[in-house]
Amino acid sequence: MCGFVGYVNQTDIPDNTIEKMADRIRHRGPDDEAYFADEGAAMGFRRLSIIDLAHGKQPMYNSDETKVLTFNGEIYNYREIREELKALGYKFRTDVDSEVLIHGYDAWGPKLLDKLRGMYAFVIYDRKTKEVFGARDHFGIKPMYYYDDGQSFLWASEIKAFLDHPKFVKEFNEKLLPIHLSFEFIPSKETMFKNVYKLLPGHYFIHKDGKTNIHQYYKFNYDHIDENQTIEGDAKKIQGLVDNSVKAHMVADVEVGSFLSSGVDSSYVLNEAAKLKPIKSFSLGFNNSKYSELDWSSRFAKKIGQENTRITMDGDDYFDILPTIMYYMDEPLSNPSAMQLYYLSKGTRKQVKVALSGEGADEFFGGYNTYLEARPFEKYQKYVPAGLRRALSKMVINLPRFHGQRFLVRGAQPLSERYYRVNYVFNYHDRDKILKNKALNVDSGAYTKHIFDDVKDKDEMTQMQYFDINTWLPFDILHKADRMSMCNSLEVRTPLVDKEVAAFAATMPIKTRIRGDETKVSLRTAAAAELPKDVANKEKLGFPSPIASWIKEDKFRKRIEEAFTSDVAKKFFEPEALLEILQEHINGKSSMQKIFTIYTFILWYQVYFPEDTTADTVSKVKLTK
């Protein structure tokens, strides 16, 4: 687990540029550093040693030293691939998975990607052809960014590394602000920095002669759903897959721990890992709070005979760390659970270097309660003609709020506009009220309609899951998991976000994913065979926090008011409209997510664009040493 940086070389770049770029992300790899440079490219690497601690230094070369590799992640089936390569005559000098990549690319080129099972982002530079090849794992567990303005080409594990390259032009991508306000992230290859792009999950790039070509090698799909499958049969299959995946994710030459909430996903992962060896678990809660899950998680760990470490935080911890979170996040992300994940990772890293986590189960197995709303909307659309639904929507949209109003408005919309995640924070009308430049406002549904179009022949629940797997999972869940763990030099592994697990999940019919009002029913049935019944059937809480209550406290409300009247707020928003949202929340109307999205954006902008602000936010960033 590591971090890497690189750029296509230019004659007027200072010699220490690659070192400065790598040092910017030293939190990803504090154990070692190394560099490569020739007349064509420069590459830098920071290592967090997990496997074959004494070897595996990068950049790594192929046999004749014509290709150079930097790699972030873990390949869980590297031993099987290594045997294939040995049969082809390749010699191995180490027991690290990175050597499989460099020889595998020599043998098969981009076809190597079809063989990999793991979480990864890596770049290979060909010294002969001056070609740069970069790839990212199937679901976006590990990050990869590139900067391409037509003149300069840079790549890195995190955007902040580009700040130290003299050819990087830092510009805010203002046209994406309304998209961010809708989704709380950017659900595409674009980022909040102009000319900086994400390499999307399941994709690779080839850069040569000043041109960058992007190719897709993997795409999750629901083309092979088997309606003959049953809950009991799927549960047995899931048991085998989870057992196999957890075993693969436990491979390490350092101690592996596991995150533990009160939910079924992390409990199931911990339980399976504990069958292999004793494993420490780590749980986070709040001081004197009804939101804390610590008692529940500690009881479960004790039941299965595993050590549990309780980590706590309070409101001051939460708000004090926000500027730091925005720095490490690269782009603004307003998921309130990121701060919990930061402190959980920080506490975990004091004892272990690697931790398992339960992300992915809700997306692949149908765990979100929002999927259930497909049923009333499908009935409404079936029995009420489209013209009447549109007329009702227009009639009620501007009326004072009443129960059922939102349903009538959304009932006239296609799923690509109606789905909860599309206007997750601010809808079009909300954005129009708060944006200073009204011309920026766009239809956020149009921005992601192509994702729904991929599965337009499927039922609405399946469409929702597909959307989440392609947006919410990589751009929110996995993004914050990587940044919040790696800024604490902790490797987080996600056994339920796995190529083999996903392949089976794609065959499951709705009836084995959701039964009545019971979500991820097959996964729960599988877990119930291994866990206490109360754990397997526990309602999903989603890493809750008391932030909605904290916002109402004077000392935290004042911080938000200061941000809402700052020069950044005046630059992009209508401050009075922001203060109105804050006051609504104080008066009892829940507007926490709206408040938090604006607040974190302002903090992020103050951190990354301090030249545009008088706020002293930058000095509040506490970098990991």
Side-chain angles (χ1 to χ4, degrees), residues 2-8 17-18 20-29 42-46 70 72-73 121-123 132 134 136 140-149 152-177 179-180 183-201 203 205 207 212 214 323-335 338 342 474-476 478-487 600-601 603-612 617-618 621 623-624:
C2 314
F4 57 73
V5 296
Y7 58 88
V8 174
T17 295
I18 196 68
K20 290 171 67 177
M21 291 174 69
D23 193 54
R24 176 77 70 162
I25 58 169
R26 72 180 302 274
H27 51 273
R28 296 191 74 91
M43 303 171 75
F45 179 74
R46 300 287 322 205
T70 53
N72 167 30
F122 65 92
V123 172
V132 182
R136 192 177 180 200
I141 304 171
K142 291 290 104 184
M144 168 85 85
Y145 294 96
Y146 61 95
Y147 173 73
D148 189 353
D149 66 354
S152 299
F153 185 75
L154 327 173
W155 64 87
S157 298
E158 298 183 14
I159 294 173
K160 61 184 66 65
F162 299 149
L163 298 172
D164 294 293
H165 194 285
K167 296 292 185 180
F168 174 63
V169 180
K170 184 183 65 173
E171 291 183 85
F172 176 53
N173 204 353
E174 188 177 2
K175 70 178 176 114
L176 294 181
L177 179 55
I179 300 299
H180 168 69
F183 297 95
E184 83 173 19
F185 51 77
I186 307 302
S188 74
K189 70 176 184 178
E190 296 184 283
T191 74
M192 298 292 270
F193 295 90
K194 285 185 181 178
N195 298 318
V196 175
Y197 304 95
K198 315 174 190 84
L199 183 63
L200 292 177
H203 285 68
F205 70 70
H207 180 84
T212 307
I214 308 295
T324 300
I325 299 300
M326 290 303 106
Y327 173 78
Y328 281 119
M329 205 68 83
D330 275 339
E331 295 189 86
L333 182 67
S334 57
N335 190 322
Y342 173 88
F475 304 137
D476 189 300
L478 297 175
H479 179 98
K480 75 175 189 290
D482 175 83
R483 295 308 189 283
M484 296 300 93
S485 59
M486 290 305 292
C487 74
T600 52
F601 168 78
L603 291 180
W604 171 83
Y605 192 87
Q606 289 170 345
V607 167
Y608 274 98
F609 294 88
E611 61 275 9
D612 284 359
T617 305
V618 177
V621 174
L623 300 186
T624 302

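We're numbering straight along the sequence, starting at 1. Predicted model, so just to flag it, every value in this text is computed and none were measured.
For the pair Lys198/His479, no side-chain contact is recorded, criterion being any heavy-atom separation below 4.5 Å from C-beta on. Residues Leu623 and Tyr328 have side chains in contact (heavy-atom distance under 4.5 Å, counting atoms from C-beta outward). Val123 places a side-chain heavy atom less than 4.5 Å from the side chain of Val132. Within the 4.5 Å cutoff, side-chain heavy atoms of Trp155 are placed close to those of Val8. At a threshold of 4.5 Å between non-hydrogen side-chain atoms, the residues Tyr147 and His165 do not count as touching. In this structure, the side chains of Asp476 and Leu333 come closer than 4.5 Å at one or more pairs of heavy atoms. A heavy-atom distance below 4.5 Å is not found between the side chains of Met43 and Ile18. Here the side chains of Gln606 and Val618 are not in contact, with every heavy-atom distance at 4.5 Å or above.
The two atoms that bring Pro187 and Ile179 nearest to each other are CD-CG2, 3.7 Å, heavy atoms only. For the pair Ile325 and Ala338, the tightest heavy-atom approach, listed with the atom from each and the gap, is CG2-CB, 4.5 Å. For the pair Pro143 and Ala121, the tightest heavy-atom approach, listed with the atom from each and the gap, is O-CB, 3.3 Å. Scanning both residues, Asp148 and Thr212, for their nearest heavy atoms gives OD2-OG1, 2.8 Å. Looking at every heavy atom in both residues, Leu199 comes nearest to Arg136 through O-NH1, 2.7 Å. Nearest approach of Val621 to Val607, heavy atoms of both residues: CG2-CG2, 3.9 Å.
Here CZ of Phe122 is found 9.5 Å from CZ of Phe4. Values are rounded to the nearest 0.5 Å. Taking CG from Leu603 and OG from Ser334, the interatomic distance works out to 11.5 Å, rounded to the nearest 0.5 Å. Taking CD1 of Ile25 as the reference point, atom SG of Cys487 lies at 13.0 Å (rounded to 0.5 Å). Here the CZ-CG distance, from Arg483 to Leu478, works out to 10.5 Å after rounding to the nearest 0.5 Å. Atom CD of Glu174 sits about 8.0 Å away from atom NZ of Lys194, to the nearest 0.5 Å. The distance from atom OH of Tyr145 to atom CD1 of Ile159, rounded to the nearest 0.5 Å, is 4.5 Å.
Aromatic ring orientation, Phe153 versus His207: parallel (interplanar angle below 30°, classes split at 30° and 60°). Taking the six-membered ring where the residue is Trp, Phe601 and His180 present tilted rings, their angle falling between 30° and 60°.
Side chain of Asp149 to backbone of Asn195: no donor-acceptor contact under 3.5 angstrom is found. The backbone N or O of Cys2 sits less than 3.5 Å from a side-chain atom of Asn72, completing a donor-acceptor pair. Within the 3.5 Å criterion, the main-chain N or O of Phe609 finds no donor-acceptor partner in the side chain of Trp604. No side-chain donor-acceptor contact under 3.5 Å links Arg46 to the backbone of Asp23.
A search for side chain to side chain donor-acceptor pair (under 3.5 Å) contacts involving His203 returns nothing, not counting sequence neighbours. Residues forming a side chain to side chain donor-acceptor pair (under 3.5 Å) with Tyr605 (at least two apart in sequence, or on another chain): Asp612. Under the side chain to side chain donor-acceptor pair (under 3.5 Å) criterion, Thr17 pairs with no residue, sequence neighbours left out.
Taking the ring centroids of Tyr197 and Tyr146, they lie under the 6.0 Å cut-off. Between Tyr327 and Tyr342, the ring centre distance reaches or exceeds 6.0 Å. For Tyr608 and Phe193, the gap between ring centers is short of 6.0 Å.
Evaluated for a salt bridge (charged side-chain N to carboxylate O under 4.0 Å, His left out) with Glu158, the options Arg28, Arg26, Lys142, Arg24 yield exactly one hit, Arg28.
Cation-pi geometry between Lys170 and Phe162 is not satisfied (NZ or CZ under 6.0 Å from the ring centre, within 45° of the ring normal).
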Apply side-chain contact (heavy atoms from CB on, under 4.5 Å) to the pair Ile186 and Phe475, showing each step before the final yes or no.
CA-CA 7 Å; Ile186 307 302; Phe475 304 137; over 6 Å; no
